[in-house]
Colleague: 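Before I ask anything, here is the structure I am working with.
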Amino acid sequence: MNAERIEEFLSAVKSAFAGNTLIKLRLGGYHGAEADLKSIDVKKIVAKGSEKFSFTFHYKTRDIIKNHIQPEALGHLRTALRDEFRSAQLATSEFDLSFERNGDKVRLKRTEIAGREAPSTEHNRAKNRPLTETDKPYLQALGISGKDGQVRNDAQDKFRQINKMVEIFAPLIQAIKADKPVIVDMGAGKGYLDFALYDYLANVAKRPAEVIGVEMRGKLVEDGNATAAASGFSDLRFVPGTILDYDAAGADAVIALHACDTATDDAIFRGISAGASLIAVAPCCHKQIRRQMEAGRPAPQLDVLLRHGIFLERQAEMVTDTLRALLLELSGYRTKVFEFVSDAHTPKNNLIVAEKDGRAGRDRDAVLKQIVEVKAMFGVEKHYLEGLLGL
């Protein structure tokens, strides 16, 4: 009977997915083996023309998003309802369906609903771009726009990527409580993010902010400051230096996009040391942990996963960023890890967003235990960020 009711619930989920009536599915009452997992929210999205279930896993101090095609999603839900979650709430535009499991008994309750609309499923839907004026001096200086003020044909992708970066980072900055937040971009390069974010905050959102781009290449610093002056961006400036040498004291937000290998950890450390309200990094390269995994002794059951170079590389990325998220939690931050469309040559990578949270990091022993277990499993002696933090 329990199996039949689970299948009945899954059939309702499947029908809502197919009929575009799914509003939200939430699973609660978790009692499985995964530490700190609280609940899961599920919705339908359309990404790159493909319909998928988007799962948001809510942990004690972080959220993780994973997207699955329908057969995979239903398989995960079946296991979750059978073994791991005691309750689930399905909301559609036509009805609500609740699932409750108490021991060997499963109960379903359906409530008819009228007049409720399902949300849009377009994950990559056309949106109003944060930046619409294309004749700005900085866009011309960065090679995005031509002399006619129009976006160049060979820079259309870059312009979309710049807008996407602003779309992601602007709400995070606006949520900072400081009247005039100080934003430090570590490894700023040409300053694509800095110019676009400053422009949006100052001229669209009307949110005063000071933006500082830290860059070790002197010519880029010089060019960036000249372009900022020509644009009238009085609170945007570029300074020379390396990430680890820059004193970020007073920063409300520390950002680093594609800082290679341990440079990402340098940026995280500078953000933690400054007590920044926001730390956001899109890591690039994971050499430090990969070398340790190759030289160490990972758990024997991982042999099949690590025997091929491409799989070893992906596992190294996962382990590196997992430890970064845990170390941020240990330092009092609530973290989210999700897929980020980058402005570099790789089409996608991870974005780690950490927001200062007084509740995070309280159970230090539990987080430290997780860090030790992850390192032992994958044959890692020490994460570079641990050394910076004095652990």
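Small disclaimer: the values here were computed from a predicted structure and weren't measured.
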Colleague: Check whether the ring centres of Y59 and Y30 lie less than 6.0 Å apart, and answer yes or no.
Modeller: no
Colleague: Taking Q288 for the side chain and K382 for the main chain, is one N or O donor matched with an acceptor at less than 3.5 Å?
Modeller: yes
Colleague: Carefully, step by step, assess V372 and L368 under the rule side chain to side chain contact (heavy atoms under 4.5 Å, CB included).
Modeller: CA-CA 6 Å; V372 170; L368 284 169; 5.5 Å; no
Colleague: Got a salt bridge between E167 and K164, using NZ or NE/NH1/NH2 to carboxylate O under 4.0 Å?
Modeller: yes
Colleague: Strictly distance-based, threshold 3.5 Å: is any side-chain N or O of T264 a donor or acceptor partner for the main-chain N or O of A259?
Modeller: yes
Colleague: Look at the side-chain heavy atoms of Ile, Leu, Val, Met, Phe, Trp and Tyr, link any pair under 4.5 Å apart, and say whether I183 and V221 land in one connected group.
Modeller: yes
Colleague: Measure from the side-chain N and O atoms of E215 to the backbone N and O of R217, and report whether any donor-acceptor pair falls under 3.5 Å.
Modeller: yes
Colleague: Quick test of your reading of the model: are E210 and K180 salt-bridged, counting only N-O distances below 4.0 Å?
Modeller: no
Colleague: Within a reach of under 6.0 Å around CZ of R314, are more than 12 heavy atoms found that belong to other residues, nucleotides or ligands?
Modeller: no
Colleague: Restricting to non-hydrogen atoms, name the atom on V254 and the atom on A248 that form the minimum distance, rounded to 0.1 Å.
Modeller: CG2-CB, 4.5 Å
Colleague: For the pair R207 (side chain) and D179 (backbone), establish whether a donor and an acceptor sit closer than 3.5 Å, ignoring hydrogens and angles.
Modeller: yes
Colleague: Considering only heavy atoms from C-beta outward, does the side chain of F269 approach that of L244 to under 4.5 Å?
Modeller: yes
Colleague: Quick one: do M318 and F378 satisfy side chain to side chain contact (heavy atoms under 4.5 Å, CB included)? Show the steps, please.
Modeller: CA-CA 11 Å; M318 180 192 72; F378 288 92; 3.9 Å; yes
Colleague: Which pair of heavy atoms, one from T134 and one from S145, lies closest together, and at what distance?
Modeller: O-OG, 2.5 Å
Colleague: Do the side chains of V184 and V353 join up, straight or via other hydrophobic residues, at under 4.5 Å, putting them in one cluster?
Modeller: no
Colleague: Look at the side chain of T21 and the backbone N and O of T92, then say whether any donor-acceptor pair between them is shorter than 3.5 Å.
Modeller: no
Colleague: Roughly how far, to the nearest 0.5 Å, is OG of S39 from CZ of R26?
Modeller: 4.0 Å
Colleague: Between S331 and L327 (side chain of the first, backbone of the second, donor and acceptor by atom type, cut-off under 3.5 Å), is there such a pair?
Modeller: yes
Colleague: Do other residues, nucleotides or ligands put more than 12 heavy atoms under 6.0 Å from D303 CG?
Modeller: yes
Colleague: Do you know the tightest heavy-atom contact between L193 and M165?
Modeller: CD1-CB, 4.0 Å
Colleague: Do D245 and T242 pair up side chain to side chain, a donor and an acceptor below 3.5 Å, judged on atom types alone?
Modeller: yes
Colleague: State, yes or no, whether a side-chain contact exists between F238 and D194 at a heavy-atom distance under 4.5 Å.
Modeller: yes
Colleague: With a 3.5 Å distance limit and no angle check, can you tell me whether K287 reaches the backbone of T262 through a side-chain donor-acceptor pair?
Modeller: no
Colleague: Side chain to side chain contact (heavy atoms under 4.5 Å, CB included), that's the test. Do V337 and R324 meet it? Break it down for me.
Modeller: CA-CA 10 Å; V337 182; R324 283 169 173 158; over 6 Å; no
Colleague: Does a side-chain heavy-atom distance below 4.5 Å link F99 with L90?
Modeller: no
Colleague: Taking C-beta and beyond as the side chain, do T320 and P283 meet within less than 4.5 Å on heavy atoms?
Modeller: no
Colleague: Cluster question for you: counting only ILVMFWY and a side-chain heavy-atom cut-off of under 4.5 Å, with indirect links fine, are V166 and V151 together?
Modeller: yes
Colleague: Which heavy atom of L142 sits nearest a heavy atom of K190, and at what distance?
Modeller: CD2-O, 3.5 Å
Colleague: For a 4.5 angstrom cut-off between non-hydrogen side-chain atoms, does I310 reach E313?
Modeller: yes
Colleague: Spell out, as yes or no, whether a donor-acceptor pair under 3.5 Å connects the side chain of R101 to the backbone of F85.
Modeller: yes
Colleague: Side-chain contact test, heavy atoms from C-beta onward, threshold under 4.5 Å: evaluate it for L323 versus L385 and give yes or no.
Modeller: no
Colleague: Would you kindly confirm whether I162 and F195 end up in one hydrophobic cluster when ILVMFWY residues are joined by side chain heavy atoms under 4.5 Å apart?
Modeller: yes
Colleague: Side-chain contact test, heavy atoms from C-beta onward, threshold under 4.5 Å: evaluate it for I212 versus Y246 and give yes or no.
Modeller: yes
Colleague: Hey, could you give me the NZ/CD1 distance between K43 and I23, rounded to the nearest 0.5 Å?
Modeller: 13.0 Å
Colleague: Would you mind checking if E100 and R107 are paired as a salt bridge, meaning a charged N to carboxylate O distance below 4.0 Å?
Modeller: yes
Colleague: Nearest 0.5 Å, what's the NZ-CG distance between K356 and L328?
Modeller: 10.0 Å
Colleague: Applying salt bridge (charged side-chain N to carboxylate O under 4.0 Å, His left out) to K369 and D365, what does each step give before you reach the verdict?
Modeller: CA-CA 6 Å; K369 182 173 182 289; D365 290 342; over 6 Å; no
Colleague: Quick one: which of H383, E381, E386 gives a side-chain hydrogen bond (donor to acceptor under 3.5 Å, both in side chains) with K375?
Modeller: E386
Colleague: Output yes when a side-chain donor or acceptor of D63 lies under 3.5 Å from a complementary backbone atom of K336, and no otherwise.
Modeller: no
Colleague: So, R270 and D266, do they make that salt bridge, N to O below 4.0 Å?
Modeller: no
Colleague: Tell me whether M216 is reachable from V281 by hopping between hydrophobic residues (I, L, V, M, F, W, Y) whose side-chain heavy atoms are closer than 4.5 Å.
Modeller: no
Colleague: Could you tell me whether Y198 and Y138 have their ring centroids closer than 6.0 angstrom?
Modeller: no
Colleague: Could you give the distance from NZ (K14) to CG (L10), rounded to the nearest 0.5 Å?
Modeller: 10.0 Å
Colleague: Does a side-chain heavy-atom distance below 4.5 Å link Q70 with E51?
Modeller: no
Colleague: Under a 4.0 Å threshold between the charged nitrogen and the carboxylate oxygen, would K177 count as salt-bridged to D252?
Modeller: no
Colleague: Measure across A325 and T335 and return the closest heavy-atom pair with its distance rounded to 0.1 Å.
Modeller: O-CG2, 3.7 Å
Colleague: Kindly compute the distance separating CZ (R110) from CZ (F9), expressed to the nearest 0.5 Å.
Modeller: 11.5 Å
Colleague: Roughly how far, to the nearest 0.5 Å, is the CG atom of L74 from the OG1 atom of T79?
Modeller: 11.0 Å
Colleague: Let me see the working for L330 and L391 under side chain to side chain contact (heavy atoms under 4.5 Å, CB included), right down to the final yes or no.
Modeller: CA-CA 11 Å; L330 194 68; L391 298 175; 3.7 Å; yes
Colleague: Tell me whether the count of non-hydrogen atoms from other residues, nucleotides or ligands lying under 6.0 Å of CG in N102 goes above 12.
Modeller: no
Colleague: Quick one: which of L77, L97, D41, I40 gives a side chain to side chain contact (heavy atoms under 4.5 Å, CB included) with L25?
Modeller: L77
Colleague: Name the orientation class of the two ring planes belonging to F57 and F55 (parallel below 30°, tilted from 30 to 60°, perpendicular beyond 60°).
Modeller: parallel
Colleague: Is the count of non-hydrogen atoms from other residues, nucleotides or ligands lying under 6.0 Å from E7 atom CD greater than 12?
Modeller: yes
Colleague: Please report the shortest heavy-atom distance between E112 and E94, naming the atom on each side.
Modeller: OE1-O, 3.6 Å
Colleague: Thinking salt bridges, do R290 and E317 make one under a 4.0 Å N-O criterion?
Modeller: no
